[in-house]
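The structure appears right after this line, and notes come after that.
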Amino acid sequence: MINTHKAYKALQDAGVADRQAEVMVEIFAEMQQENALTKLDLSQATESLIRAQSATNNRLDALEGRLDQFQNEVKLQFYGVNQRFEVLEKSIDGRFDEVDKKFAKIDEKFEKIDEKFEKIDEKFAKIDEKFEKIDERFNQQDIKINALDQRMQIGFTELKQDNIWIRRVLLTIATALIAMTTKYLLNS
């Protein structure tokens with residue numbers, strides 16, 4: 001706090017009239033009291049900062065949880081695709097075995113060659129349809145993964161913005177605390 005008696009004497013020594021010096025000291029003392037930080041103010045600022053940090057930590061935890069969930073979903077989808085490929089491979093292997101058996105019979109039944117080739121063509125058409133469906137599924141999965149990637153990018157951008165905001169608030173609080181501490185030390 002300002003030493004009013006010393007300030008009054010200094011103003012008188014500088015040649016300021018008694019009444020003017022008294023009014024000036026009162027004004028400076030009032031200004032200092034209005035701008036002084038109390039322990040309550042510092043405590044409230046610290047609590048506010050802790051709440052903001054806690055909220056940021058909660059958002060980070062939530063984002064990590066969502067990222068883990070996303071990774072698990074992707075793993076499940078890839079597992080499902082792998083399972084489908086294994087089923088298709090077994091199916092195709094079984095069909096090729098059937099075709100091999102039919103070719104062995106072709107030598108014995110030459111007159112039925114045209115009918116068997118038509119059946120083989122139909123089977124290949126079905127396989128092509130299945131591959132087209134698989135391609136469609138892959139395209140759909142790519143679209144979903146791209147959408148999830150975009151959502152993650154937006155979340156990371158928001159997180160970065162929150163982090164910058166918190167740093168600015170902390171810097172402002174620290175600057176204010178340093179200024180008030182310096183002012184307090186200089187006036188003591």
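To the nearest 0.5 Å, the span separating CD1 on Ile178 from CG on Leu171 amounts to 8.5 Å. The CD atom of Glu64 sits 9.5 Å away from the CG atom of Asn57 when rounded to the nearest 0.5 Å. We find the CG-OH distance between Leu177 and Tyr184 to be 14.5 Å, quoted to the nearest 0.5 Å.
The side chain to side chain donor-acceptor pair (under 3.5 Å) test with Tyr8 is passed by exactly one of His5, Gln12, Lys6: Gln12.
Side-chain contact between Asn163 and Thr56 is absent, with no heavy-atom pair separated by less than 4.5 Å. Taking the side chain as every heavy atom from C-beta outward, Asn187 and Lys183 approach each other to under 4.5 Å. Between Phe156 and Met152, the closest side-chain pair of non-hydrogen atoms falls below 4.5 Å. Residues Phe131 and Ile92 have side chains in contact (heavy-atom distance under 4.5 Å, counting atoms from C-beta outward). Looking at Leu170 and Arg167, their side chains never come closer than 4.5 Å, going by heavy atoms from C-beta outward. With a 4.5 Å cut-off on side-chain heavy atoms, Ile164 and Arg168 count as touching.
Linking Ile, Leu, Val, Met, Phe, Trp and Tyr whenever their side-chain heavy atoms come within less than 4.5 Å leaves Leu159 and Leu67 in two separate clusters. Note on Ile173 and Trp165: same hydrophobic cluster, where clusters join Ile, Leu, Val, Met, Phe, Trp and Tyr whose side-chain heavy atoms are under 4.5 Å apart, directly or indirectly. Residues Leu63 and Leu148 do not share a hydrophobic cluster, clusters being chains of Ile/Leu/Val/Met/Phe/Trp/Tyr side chains in contact below 4.5 Å. Put simply, Val99 and Leu88 are part of the same group of oily side chains (I, L, V, M, F, W, Y) that touch within less than 4.5 Å, one to the next.
By the 6.0 Å contact criterion, CZ on Arg84 is enclosed, its count of non-hydrogen atoms from other residues, nucleotides or ligands being greater than 12.
The pair Lys133-Glu136 does not meet the salt-bridge criterion, since no charged nitrogen lies less than 4.0 angstrom from a carboxylate oxygen.
When ring centroids are compared, Phe85 and Phe138 come within the 6.0 Å threshold.
In this structure, Lys102 and Lys116 approach most closely via the heavy-atom pair O-NZ, 4.0 Å. The two atoms that bring Ile166 and Ala52 nearest to each other are CD1-O, 3.9 Å, heavy atoms only.
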Could you walk me through whether Glu158 and Ile154 pass the side chain to side chain contact (heavy atoms under 4.5 Å, CB included) check? CA-CA 6 Å; Glu158 290 175 356; Ile154 290 169; 3.7 Å; yes
